[in-house]
Amino acid sequence: MPEVRFWLLDVASGEGTVDLWGVAEGGERVVVSFPFMPYFYLVPSRGAGREVGARVEEVERFRLGRPLRCLRIYADDTARAAEDALRRGLGDAYGYDLRRADLFLISTGLRPGSWAVAEAERAGELWGYPAYRATGSVRAEEGRVAAPDLRVVSFNPTYLARRASPRPDRDPVVAISLYDGSSSRTLIGDERSILESFVDYLARADPDVVVSFQGNRVHWDYLSRRARAAGVRFSVGRGGSEPHGSVYGHVSIRGRVNLDVSEFVEEVPEVKLERLEELARYMGMSVPEEAPEDYEVGDLWESDRAALISYSEWRARAALEIFSAISDYVFSLSAITGMPPDHVLTAATGFKVENYLMRFAELEARELIPPRRESAHMTYQGGMVLQPEPGLHHDVAVLDFKSMYPSIIIKYNLSLETVHEDGTIEEGREQGFLPRALERLLEERARARSEAERSPEGSTERRVLEAKQRALKRIANAIYGYTGWSGARWYAPHVAAAITAKGREIISSVISKARGLGLRVIYGDTDSVFVSNDARKIDELLGWISSELGLEVKVEKVYVNVLFTEAKKRYAGVTADGRLDVVGLEAVRGDWSGVAKRAQVEVLEVLLREGSVERAVERAREWIRRVRSGDVPLRDLVIWKQLTKPPEDYEATAAHAIVAKRMREAGWDVRVGDKVGFVVVRGPGRIYERARPYFEVTGDQVDWDYYADKQVAAACARILEAVGVDESRLLAAGGRGLEAFFG
DNA sequence: TGTAGGCAAAATCCATGCGACGT
DNA sequence: ACGTCGCATGGATTTTGCCT
């Protein structure tokens with residue numbers, strides 16, 4: 001049997017076939033077609049026959065661990081066939097709402113971003129690429145980790161907006177920068193020739209991966225529209241196809257992976273603003289000092305075109321470099337979930353987990369896949385949070401459970417089969433679907449980690465295996481949350497509640513034991529306990545946890561000094577290795593001004609490193625004085641808040657919603673999910689009446705008192721009040737103020 | 001196209017009460 | 001004496017973004 005081995009790039013539904021795009025062993029780009037008829041499962045009610053479809057097989061499947069005799073029914077349109085069967089009362093239907101290409105991957109075990117072997121023969125060409133027609137089966141080729149050499153191209157367009165944000169119905173594309181990993185170029189000239197050159201470039205370079213920053217949200221749609229208006233056929237896909245909208249706002253480009261690296265921001269909580277500069281900086285890349293902001297592009301195009309073009313080329317390069325840094329991770333996620341690489345970052349966590357579970361269900365557990373339906377959201381009790389002992393503490397150890405919830409799920413076999421609706425847990429049953437699926441992930445992760453360690457440092461294998469390990473961990477950690485998600489196919493709030501209940505029970509027993517051993521318990525949250533750093537007693541505690549609870553806890557870090565306020569989930573400490581850790585406080589929040597955050601960090605530094613309350617107070621007062629005198633750059637006054645819904649949907653008048661509304665009226669493209677930056681200016685009325693888009697404000701308009709009192713003083717007082725300093729000492733004009741006099 | 005709940009904090013909203021004022 | 005207007009006050013609600 002002739003075989004073709006290829007690395008799977010993309011899957012597309014054809015006429016009665018599924019077309020697999022891949023890179024063959026020799027480096028040839030190929031398309032392999034399989035005839036494929038979708039199917040679903042019917043658990044027939046008694047007496048129901050086989051009158052439901054043309055092709056029917058009898059198979060054994062499981063529903064929540066119970067074996068069932070099922071009919072596997074083949075149909076072009078499984079959703080319609082299943083609905084028909086349901087309407088006729090023939091039984092319960094499963095797995096009928098999967099998309100064809102997804103079902104194909106699930107049923108064959110193929111994974112995008114991995115190698116495959118197909119029995120297939122050469123069948124001429126399809127759209128100019130060597131085509132193969134399946135003659136037999138196709139299977140995943142296990143054990144081969146490294147991706148082939150992929151051709152990657154990144155691009156960055158520049159639009160010339162007449163007013164505010166560029167609009168595709170009005171404002172032209174004036175440049176597109178391209179980067180192929182070694183050389184940059186920028187297409188300029190009249191718009192038509194830019195677009196034609198872009199299409200031409202992609203046809204010649206024929207990349208497997210097209211990388212952009214915000215391609216899905218903005219560029220593909222923008223460029224498509226401009227091309228249509230200019231009469232340019234926008235054939236950027238393989239075989240000359242045009243981009244088309246795919247599931248949930250993602251854009252598909254046939255035969256290529258369309259990767260929008262801006263979506264990686266979701267995976268990096270440290271990056272608070274979805275800007276290329278922020279992400280690039282986080283990734284350790286060099287960022288131009290004077291990166292222009294959106295609102296400056298128009299002026300720059302007139303005043304310093306060369307600078308703008310060089311910035312645009314930087315953007316294209318940065319996007320590709322980010323892709324290079326994350327590609328192993330992306331392809332690993334793709335291989336684990338079975339989702340195409342360009343969907344993996346777009347898809348929300350729950351869908352990634354679910355895709356993994358569906359594959360596991362069909363291929364290993366032979367569990368039926370329940371259809372997606374809207375369930376009423378049920379809330380349940382979560383983790384336990386201790387009231388901290390406020391004030392400054394010295395020498396504190398932080399003990400952490402190693403992945404507590406996954407451990408609980410496996411150890412107590414918590415699953416849909418074993419946890420009853422009333423919360424009771426059935427013991428002695430064989431391992432449930434969730435623990436099995438989870439254990440498989442953890443086993444694979446352990447294997448990836450040990451294989452990585454055996455691979456030579458700096459090798460491709462090691463890099464790929466480490467990325468795989470991270471991807472597996474991410475999916476494993478999300479399984480608990482998935483059970484409590486009302487959109488899940490395997491929605492199981494009672495299981496989620498059982499998991500957290502066990503967690504609370506465990507942490508409570510650890511706290512009691514710690515106290516019994518004479519350790520001071522200062523704070524705790526869900527799966528962590530902060531105790532006085534007594535090595536002998538801690539050792540004893542860890543031993544007890546291991547032998548009595550069968551779970552692993554480790555000393556995560558030791559704080560030389562740590563400060564707690566009255567509030568839960570907010571503290572700061574200096575660790576044994578000299579780092580300042582700030583948790584939950586204003587300094588780590590994205591919705592406080594830079595000046596308040598910096599002042600707070602400095603006060604913490606003085607307090608925790610120098611141990612001087614007086615000097616910390618003085619530092620706070622200096623900042624407040626400075627702000628009141630207006631000696632702070634405007635960019636440190638910007639407050640960013642996310643627009644979480646359309647501005648008109650807000651029940652309370654929120655400053656950022658008002659600003660967003662005004663910006664929209666002025667022609668800015670502010671979308672739900674965007675962060676809105678504003679500055680508070682002087683004048684009468686509420687904050688929302690005095691908030692302005694940050695780029696419109698000048699220093700003489702700023703309400704410096706607002707920043708002094710409500711930002712800097714508030715953030716500093718939060719810290720100092722924990723060591724007995726009253727906020728009035730910060731606000732008094734100088735020395736001891738009237739407050740001190742009147743008590 | 002939404003893993004979960006627990007939590008703090010700010011700004012706004014809203015009911016209430018009080019004093020000033022006009023009739 | 002009575003109505004109401006403006007304003008302060010304090011509790012409830014809305015909103016965001018953090019923690020684990």
Side-chain angles (χ1 to χ4, degrees), chain A residues 216 246-250 263 266 269-270 272 339 343-357 372 374-375 377-388 398 400-401 403-405 474-488 490-493 495-497 499-501 503-504 507 523-529 556 565-571 581-592 596 639-645 649-658 673 675-676 680 685-691 706 709-711 714-715 717-718:
Chain A
N216 281 336
S246 171
V247 276
Y248 319 121
H250 172 260
E263 286 161 350
E266 297 294 315
E270 291 91 332
K272 316 266 183 205
M339 303 168 88
H343 283 77
V344 153
L345 293 181
T346 312
T349 306
F351 292 91
K352 292 198 269 264
V353 170
E354 189 155 273
N355 270 270
Y356 166 73
L357 289 177
R372 181 179 308 290
E374 285 167 39
S375 306
H377 178 78
M378 311 262 278
T379 178
Y380 58 90
Q381 204 179 336
M384 187 168 76
V385 190
L386 294 191
Q387 196 63 52
V398 182
D400 251 346
F401 274 91
S403 39
M404 186 194 236
Y405 287 166
R474 185 160 158 64
I475 303 295
N477 284 342
I479 290 214
Y480 147 69
Y482 173 84
T483 62
W485 171 41
S486 56
W490 283 281
Y491 179 43
V495 175
I499 297 166
T500 55
R504 292 192 301 275
I507 204 79
Y523 178 62
D525 185 349
T526 310
D527 63 350
S528 68
V529 195
E556 178 65 32
T565 65
E566 304 265 343
K568 297 169 175 180
K569 296 183 187 280
R570 318 184 114 222
Y571 57 91
D581 231 7
V582 184
V583 181
L585 293 164
E586 285 74 10
V588 295
R589 293 180 61 98
D591 58 348
W592 278 71
I639 296 165
W640 293 91
K641 276 193 159 73
Q642 195 188 121
L643 190 69
T644 59
K645 51 190 163 189
D649 286 4
Y650 280 81
E651 286 183 47
T653 320
H656 67 297
I658 298 290
K675 293 245 168 45
V676 180
V680 177
R686 302 288 201 171
I687 302 296
Y688 64 77
E689 296 171 279
R690 299 189 285 121
Y706 170 82
D709 296 336
K710 304 290 178 151
Q711 290 274 318
R718 192 100 53 230

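Sequence lines set the chain letters: A, B, ... in the order given, protein chains first and strands last, and positions in each chain run from 1.
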Using a heavy-atom cut-off of under 4.0 Å over every strand shown, decide if G484(A) touches base, sugar-phosphate, or nothing. sugar-phosphate
Does K568(A) make a side-chain donor-acceptor contact with the base of dC7(B), cut-off 3.5 Å? no
Checking all strands, does Y706(A) fall into the base, sugar-phosphate, or nothing category for heavy-atom contacts under 4.0 angstrom? sugar-phosphate
Taking only side-chain N and O atoms of H656(A), does any of them lie within less than 4.0 angstrom of OP1 or OP2 on dT15(C)? no
Mind checking the CG-OH spacing from L357(A) to Y482(A)? Nearest 0.5 Å is all I need. 5.5 Å
To the nearest 0.5 Å, atom OG1 of T346(A) lies from atom CG of N216(A) at 5.0 Å
Nucleotide dA11(B), atom P - distance to CD of E689(A) in whole Å: 14 Å
K645(A) side chain, from C-beta outward: closest of dC18(C), dT1(B), dT15(C): dT15(C)
Distance check needed: dG6(B) C1' versus R570(A) CZ, whole Å only. 13 Å
In Å and rounded to the nearest 0.5 Å, what is the CH2 to CD distance from W485(A) to E354(A)? 5.5 Å
Quick one: D525(A) CG to dC19(C) P, roughly how many Å, whole number? 10 Å
Are K569(A) and dA9(B) close enough that a side-chain N or O sits under 4.0 Å from OP1 or OP2? no
Sugar-phosphate only, base, or nothing, as touched by H343(A) at under 4.0 Å among non-hydrogen atoms: nothing
With sugar-phosphate meaning primed atoms plus P, OP1 and OP2, does V583(A) contact a base, only sugar-phosphate, or nothing at under 4.0 Å between heavy atoms? sugar-phosphate
What nucleic acid atoms does T483(A) come within less than 4.0 Å of, heavy atoms only: base, sugar-phosphate, or nothing? nothing
Tell me whether the OP1 or OP2 atom of dC13(B) has a side-chain N or O from Y688(A) closer than 4.0 Å. yes
To the nearest 0.5 Å, how far apart are CG in L643(A) and CG in D649(A)? 9.5 Å
Hey, does T379(A) reach any base, or is it just sugar-phosphate, or nothing, if we go heavy atoms under 4.0 Å? sugar-phosphate
Side chain of A348(A) (C-beta onward), nearest among dG5(B), dT14(C), dT3(B): dT3(B)
How many Å lie between CD on E586(A) and C1' on dG17(C), as a whole number? 11 Å
Ionic contact status for D525(A) with K569(A), cut-off 4.0 Å: yes
For T653(A) and dT12(B), is the shortest distance between a side-chain N/O and OP1 or OP2 below 4.0 Å? no
Can you see if the side chain of K272(A) gets near the phosphate of dC18(C) - specifically, an N or O under 4.0 Å from OP1 or OP2? yes
Separation of atom OH in Y482(A) from atom P in dT1(B), rounded to whole Å: 16 Å
Atom-to-atom span, NZ of K710(A) to P of dA11(B) - whole angstrom: 6 Å
Over all strands shown, is G350(A) touching base, sugar-phosphate only, or nothing at heavy-atom distances under 4.0 angstrom? sugar-phosphate
Considering just the side-chain nitrogens and oxygens of R372(A), establish if one lies under 4.0 Å of OP1 or OP2 belonging to dG2(B). no
So, for V582(A) and V588(A), which heavy atoms are closest and what is the spacing to 0.1 Å? O-CG1, 3.3 Å
Rounded to whole Å, the CZ-P distance (R474(A) to dT3(B)) equals 9 Å
With sugar-phosphate meaning primed atoms plus P, OP1 and OP2, does A496(A) contact a base, only sugar-phosphate, or nothing at under 4.0 Å between heavy atoms? nothing
Give one of base, sugar-phosphate or nothing for W592(A), where a contact means two heavy atoms less than 4.0 Å apart. sugar-phosphate
Are OP1 or OP2 of dA9(B) and a side-chain N or O of R718(A) less than 4.0 angstrom apart? yes
Say you pick atom P in dC18(C) and the same atom in dT1(B); how far apart are they, in whole Å? 25 Å
Using a 4.0 Å heavy-atom cut-off across all strands, classify A567(A) as base, sugar-phosphate, or nothing. sugar-phosphate
Between Y480(A) and Y380(A), what is the ring plane arrangement, given parallel below 30°, perpendicular above 60°, and tilted in between? perpendicular
Specify the residue among N477(A) and V385(A) whose closest nucleotide of DNA chain B lies further upstream toward the 5′ end. N477(A)
Interatomic distance where OH belongs to Y480(A) and P belongs to dA4(B) [whole Å]: 9 Å
OP1, OP2 of dT13(C) versus side-chain N and O of Y650(A): anything below 4.0 Å? no
Would you classify F401(A) as touching base, sugar-phosphate or nothing, given that sugar-phosphate means primed atoms plus P, OP1 and OP2, and contacts are heavy atoms under 4.0 Å? nothing
